[in-house]
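Quick note: numbers below take in every heavy atom, side chains included, and nothing from hydrogens, waters or symmetry partners. Just so you know, ligand 1 is whichever comes first in the structure, and atom 1 is the first atom listed for that ligand.
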Amino acid sequence: MNKTTKPNLLKKALLFFAVLLSGQTYADDGGRLWLKYDLIADQAVRENYAKSFDKIVLLEHSERIILAAEELQVALKGLLGKDVPIEDFSERPKEKHKNAILLMLDQDNTKLETDGYALFCKNGLAMISAQNDLGVLYGVFGLLRKIQTEQTLDCDEVENPKIRWRMLNHWDNANGTVERGYAGSSIWKWFELPERIDPRIVQYARANASIGINAVSINNVNASARFLTAEYLRKIKGVADVLRPYGIKVFISVNFKAPKTLGGLETSDPLDEGVKNWWQEKTEEIYSYIPDFGGYLVKANSEGEPGPQDYGRTHADGANMLAEAMKGHDGIVVWRAFVYNADPNGDRFEEANKQFKPLDGQFDDKVIVQVKNGPIDFMPREPFHPMFGQFPKTQLGIEFQITQEYLGHATHLIYLAPMFKECLDSDTYAKGKGSTVGRVVDGSLYQQKQTLMAGVANTGSDANWTGHPFGQANWYAFGRLAWDHTLSAEQIAQEWTGMTLTNKKNPEKEIVDIMMASLPTYINYTYPLGLHHMMGEGHHYGPQPWLAKSGRPDWTSVYYHRAGKDGIGFDRSGGMSKALKLYAPEVQKKWGNPATCDLNYLMWFHHLPWNYKLTTGRTLWDELMTRYYLGVEQVKDFENRWHNLKGQIDNAFYENVNSRLKIQEREAKWWRDACYLYFEQFSGLPLPKGLQPPKRTLEEVKALEKVYHLR
Ligand code: BDP
């Protein structure tokens with residue numbers, strides 16, 4: 001290289017390459033995620049790439065472009081077994097090159113947007129150009145994805161992110177635990193920061209950059225004010241410094257009462273001058289540590305968290321006050337719409353719309369209102385949240401849950417991209433046909449400037465990051481969809497499988513097929529036909545459809561399924577609540593009639609007799625039971641198909657999934673038996689022909705859940 005890289009960058013680079021390489025000397029623990037860079041097994045494919053790449057040429061010189069080049073160099077060494085030198089031509093940009101990968105900035109390509117990249121590859125030349133150096137880094141990962149999945153290099157494409165903020169929300173606590181985390185403890189290791197930065201944070205940053213994630217909120221939305229103390233700000237700065245080279249900005253979840261608890265003020269009223277000043281000073285202090293601080297994430301007046309309503313103020317008052325404190329900086333305020341504290345007897349489905357509708361148009365430009373994909377709470381299948389499409393004057397972002405709180409934690413194999421897609425592709429009809437949730441969220445429907453897709457992270461200190469090895473695919477898929485929500489779930493599954501497990505046609509297809517069938521399978525043995533919220537109390541694991549008493553009626557199961565002698569389901573078309581009215585007329589029309597309502601959402605909107613005849617030709621009871629039983633058979637089928645993959649993919653990965661599938665089978669039966677035995681008391685009907693009743697009793701099945709509450 002003609003120019004020397006800065007020493008701190010070199011040090012960091014060496015550190016992470018050391019870790020990267022050390023991962024290869026032991027059995028694969030999954031820690032390298034989809035960035036394995038193992039030698040491509042097919043010699044012909046490998047040599048074909050190798051002959052095209054004799055050098056990496058920098059036509060621009062910046063720390064991040066050097067980082068990108070070094071990533072490329074390490075990857076090519078691993079994938080092709082070839083040392084490809086990096087050469088700096090930034091002062092001789094006119095020179096011609098052959099068999100090279102060119103990294104450059106390009107301000108003239110009008111198709112390029114911020115952070116996007118253009119990738120051209122033909123005849124031994126690959127050119128990656130972008131408006132900024134982060135785009136170049138993304139382009140490098142884009143090219144690597146093609147090589148890792150063994151594509152022919154013949155391309156001329158421009159990739160721009162559809163969404164501005166592609167964010168992971170960590171629900172990590174100061175004591176190292178992770179709320180709803182199933183993969184070990186927090187990756188941040190707060191007690192070691194800032195003196196010791198765990199090298200895994202660098203790996204984490206690389207993985208995120210490789211899928212375009214550019215923002216991370218580091219702590220639980222049920223936030224401790226401790227994260228705003230100088231002590232913690234120094235720790236957060238330590239994290240931010242490591243994430244920055246990879247283009248990732250840090251956000252902090254804040255506790256709305258912090259002016260009182262931390263600042264010693266009398267109040268935290270957002271309209272109080274002292275409170276405003278406190279936030280302004282706090283914000284300046286944060287920027288003095290983290291000059292590119294992303295902003296605040298706020299859970300307010302929800303599930304007991306403090307908020308502006310405690311002082312008779314609105315969500316807009318609270319959010320705008322924080323936005324005001326951000327003025328003069330690039331930061332934003334992400335204000336969550338997951339609120340349901342008003343009326344425990346009403347339908348939670350309606351609460352966010354009720355509280356936010358009068359505020360449409362009142363939020364500052366720096367505020368994004370973050371709405372969960374569905375109206376209740378990350379259930380395995382929810383209709384899209386009725387706020388989407390109904391808030392033309394508010395910048396809405398979407399929040400998915402990547403961690404599997406209601407989806408079997410880390411023991412069930414579930415690929416979540418089809419769930420994310422189902423929501424993003426749903427038509428709100430807000431501005432006529434084609435007004436999809438994806439178009440609300442990417443800003444194209446209402447021309448909103450700030451756009452956001454957030455996912456509650458599933459990462460932890462487990463060696464493979466996510467507990468269940470397939471959890472990695474969900475992290476990957478979330479990032480890819482945040483970048484481009486029009487990608488298909490199947491395409492993303494193929495990419496991930498190719499990068500992580502195998503590019504051989506048959507096993508790859510088999511794995512992708514299992515992934516694509518996994519969510520419907522889980523739903524079959526847990527929540528068929530739109531049933532929801534019947535999980536074990538508190539821990540949210542396993543079935544508890546009999547749960548009838550809790551802190552609030554809408555924390556029970558019976559509240560949601562409403563099973564009785566007369567039938568089952570929550571009639572939101574007018575009978576039990578009017579929530580369906582929150583949707584556009586076209587949606588109401590379709591879902592409002594049980595004959596035309598999507599079967600997947602049936603019990604979300606209708607209460608129907610057990611013998612109600614469905615479009616499948618079966619009665620409601622028979623269909624429910626058929627699905628419960630089918631779900632278990634599908635898991636067994638996954639197990640058999642998985643066995644055939646032995647020897648065709650990494651053995652540690654194989655064994656890990658194999659043992660988890662056994663748990664999944666046991667628990668699928670648990671769900672099936674619980675739901676059959678419990679609902680049978682009301683329906684009084686036999687199982688459809690050919691299905692065998694469980695050998696255990698309802699009491700025995702209930703006892704399985706009780707174990708979770710023993711002290
Ligand atoms: C629920 C979780 C709870 C979270 C809450 C939220 O059970 O732990 O705090 O969502 O999103 O699903 O705020």
Looking at [X], which atoms of ligand 1 are within less than 4.0 Å of one of its heavy atoms?
X: E405; value: 1 (C), 2 (C), 7 (O), 12 (O)
X: N222; value: 9 (O)
X: H540; value: 7 (O)
X: R180; value: 2 (C), 3 (C), 7 (O), 8 (O)
X: E179; value: 3 (C), 4 (C), 8 (O), 9 (O)
X: Y406; value: 1 (C), 7 (O), 12 (O)

Pick one of side chain, backbone, both or neither for how V456 approaches ligand 1, counting any non-hydrogen atom pair under 4.0 Å.
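None of V456 does.
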What part of Q401, side chain, backbone, both or neither, has a heavy atom within less than 4.0 angstrom of ligand 1?
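Within the 4.0 Å criterion, Q401 makes no contact with ligand 1.
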Using distance alone, decide if ligand 1 has a nitrogen or oxygen within less than 3.5 Å of any nitrogen or oxygen in W171.
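No, since none of the N or O atoms of W171 sits under 3.5 Å from an N or O of ligand 1.
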Under 3.5 Å, N or O to N or O, is D377 touching ligand 1 that way?
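Yes; at least one N/O pair falls below 3.5 Å.
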[Y] and [X] side chains, donor-acceptor separation under 3.5 Å:
X: E303; Y: Y340; result: yes
X: H412; Y: E667; result: yes
X: Q450; Y: Q395; result: no
X: N222; Y: E179; result: yes
X: S550; Y: E537; result: yes

Test Y525 against W671 for ring-ring contact (aromatic ring centres under 6.0 Å, His included), laying out the working first.
CA-CA 6 Å; Y525 63 77; W671 271 94; 7.6 Å; no
Where is the nearest protein heavy atom to atom 10 (O) of ligand 1: which residue, which atom, and how far?
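The protein heavy atom lying closest is K372 NZ, 3.1 Å.
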Among all protein non-hydrogen atoms, which one is nearest to atom 13 (O) of ligand 1, and what is the separation to 0.1 Å?
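Looking at atom 13 (O) of ligand 1, the protein heavy atom closest to it is K299 NZ, 2.6 Å.
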Pairwise side-chain contact, V333 with I368, heavy-atom cut-off 4.5 Å (strictly under):
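A side-chain contact under 4.5 Å is absent here.
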For T466 and N458, what are the C-alpha separation, side-chain angles and deciding distance, and is it a side chain to side chain donor-acceptor pair (under 3.5 Å)?
CA-CA 6 Å; T466 56; N458 62 350; 5.0 Å; no
Is E303 near ligand 1, meaning one of its heavy atoms is under 4.0 Å from it?
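Contact check E303 vs ligand 1: positive.
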Could you grab the distance from atom CH2 of W483 to atom CG of N214, nearest 0.5 Å is fine?
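The CH2 atom of W483 sits 9.0 Å away from the CG atom of N214.
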